[in-house]
Undergrad: 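Quick one: the structure is below, and I'll ask about it shortly.
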Amino acid sequence: MDIRELAIQYGKAWAERDLDAVTALHTEDTIFQIHGDNGEPAIGASAVREAFAAVLTRSSDLRFERRRVYLGEAHFVSEYVMSGSVGGKPFACDGVDVIAVRDGRVARKDSYADWIAYSRQVGTP
């Protein structure tokens with residue numbers, strides 16, 4: 001699958017909260033890291049799926065409103081507004097995913113967000 005189609009399918013799978021579809025778009029040795037949360041990266045499709053499930057458990061109404069997508073030969077970058085709620089407290093903040101692609105699938109996903117804005121809204125340090 002080409003980069004453009006992968007970006008479309010990836011966004012659709014996330015919008016539908018379909019973890020099987022999201023994970024199927026990743027390589028077996030994929031890596032996922034949320035930068036700024038002091039956590040270690042998830043390595044391997046199973047660990048990445050678990051990390052994604054934890055994200056959706058924390059905010060079951062999580063949404064991503066896409067602002068821009070940049071396509072490259074072996075990557076795409078997605079800018080969005082992430083919103084939802086945590087513990088009944090709503091939030092909305094800017095985010096960016098940098099996604100490396102290999103053989104038509106996601107080989108690495110690095111997620112960055114405005115954690116200061118997020119923390120101010122949900123009350124976490």
Undergrad: Among all residues two or more places apart in sequence or in another chain, which pass the ring pair (Phe, Tyr, Trp, His ring centres under 6.0 Å) test with F91?
TA: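 Once residues adjacent in sequence are excluded, the partners of F91 under the ring pair (Phe, Tyr, Trp, His ring centres under 6.0 Å) criterion are Y118.
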
Undergrad: Which residues pass the ring pair (Phe, Tyr, Trp, His ring centres under 6.0 Å) test with Y80, not counting sequence neighbours?
TA: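 F64.
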
Undergrad: Using a 4.5 Å cut-off on heavy atoms from C-beta on, say whether the side chain of H26 contacts that of Y10.
TA: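 Heavy-atom side-chain distance check passes, below 4.5 Å.
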
Undergrad: Please name all residues satisfying ring pair (Phe, Tyr, Trp, His ring centres under 6.0 Å) with H75, sequence neighbours left out, ordered by chain then number.
TA: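 Per chain and number, H75 pairs via ring pair (Phe, Tyr, Trp, His ring centres under 6.0 Å) with no residue.
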
Undergrad: For the CD atom on E28, are there more than 12 heavy atoms of other groups (residues, nucleotides or ligands in this structure) within a distance under 6.0 Å?
TA: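 It does not: E28 CD has 12 such atoms or fewer within range.
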
Undergrad: Which value, rounded to the nearest 0.5 Å, describes the distance between Q121 atom CD and I116 atom CD1?
TA: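 The CD atom of Q121 sits 12.0 Å away from the CD1 atom of I116.
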
Undergrad: Sub-3.5 Å donor-acceptor pair from the side chain of W115 to the main-chain atoms of H35, do we have one?
TA: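 Side chain of W115 to backbone of H35, a donor-acceptor pair under 3.5 Å: yes, one is there.
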
Undergrad: Same cluster for L56 and V122 if Ile/Leu/Val/Met/Phe/Trp/Tyr side chains link at under 4.5 Å?
TA: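 In one cluster with L56: V122, yes.
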
Undergrad: Just distance, no hydrogens or angles: give the donor-acceptor pairs under 3.5 Å from side chains in residues 83-90, sequence neighbours left out.
TA:
| unit_1 | atom_1 | unit_2 | atom_2 | d |
| --- | --- | --- | --- | --- |
| S83 | OG | R63 | NH2 | 3.3 |
| S85 | OG | D61 | OD1 | 3.1 |
| S85 | OG | D61 | OD2 | 2.9 |

Undergrad: Would one find more than 12 heavy atoms of other residues, nucleotides or ligands at under 6.0 Å from atom CG of D2?
TA: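 Result for CG/D2: enclosed.
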
Undergrad: Is the closest side-chain heavy-atom distance between T30 and K109 below 4.5 Å?
TA: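 T30 does not reach K109 side chain to side chain.
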
Undergrad: Look at R102 together with D29 and state whether they make a salt bridge at an N to O cut-off of under 4.0 Å.
TA: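 Salt bridge flag = yes for D29 with R102.
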
Undergrad: Side chains of V101 and L6: closer than 4.5 Å at any heavy-atom pair?
TA: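 Side-chain contact under 4.5 Å: yes.
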
Undergrad: Count the heavy atoms of every other residue, nucleotide or ligand shown that sit under 6.0 Å from CD of E5, and state whether that count exceeds 12.
TA: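 Atom CD in E5 is crowded, with more than 12 foreign heavy atoms closer than 6.0 Å.
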
Undergrad: Find out if a path of hydrophobic residues (ILVMFWY) with successive side-chain heavy-atom gaps under 4.5 Å connects V22 to L62.
TA: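 In one cluster: yes.
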
Undergrad: Do M1 and F76 belong together in a cluster built from hydrophobic side chains that touch within less than 4.5 Å?
TA: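 M1 clusters together with F76.
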
Undergrad: A side-chain contact here means heavy atoms from C-beta on lying under 4.5 Å apart; do V55 and I34 qualify?
TA: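 They are in side-chain contact.
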
Undergrad: In the single-linkage hydrophobic clustering (I, L, V, M, F, W, Y; side-chain heavy atoms under 4.5 Å), do I8 and I3 co-cluster?
TA: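 No, separate clusters.
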
Undergrad: If we count only N and O atoms by modelled type, under 3.5 Å, do the side chains of S111 and D97 hold a donor and an acceptor together?
TA: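 Side-chain D/A pair, S111 to D97: present.
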
Undergrad: Run the side-chain donor-acceptor check on residues 46-54: report pairs under 3.5 Å with partners two or more places apart or on a different chain.
TA:
| unit_1 | atom_1 | unit_2 | atom_2 | d |
| --- | --- | --- | --- | --- |
| R49 | NE | D20 | OD1 | 3.3 |
| R49 | NH2 | D20 | OD1 | 2.9 |

Undergrad: So V69 and V77, do their side chains get closer than 4.5 Å, heavy atoms only?
TA: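 They are not in contact (no side-chain heavy atoms under 4.5 Å apart), so the answer is no.
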
Undergrad: Tell me which pairs pass salt bridge (charged side-chain N to carboxylate O under 4.0 Å, His left out) where either residue lies in residues 69-81, with sequence neighbours left out.
TA: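 Matches after skipping sequence neighbours: R68-E79.
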
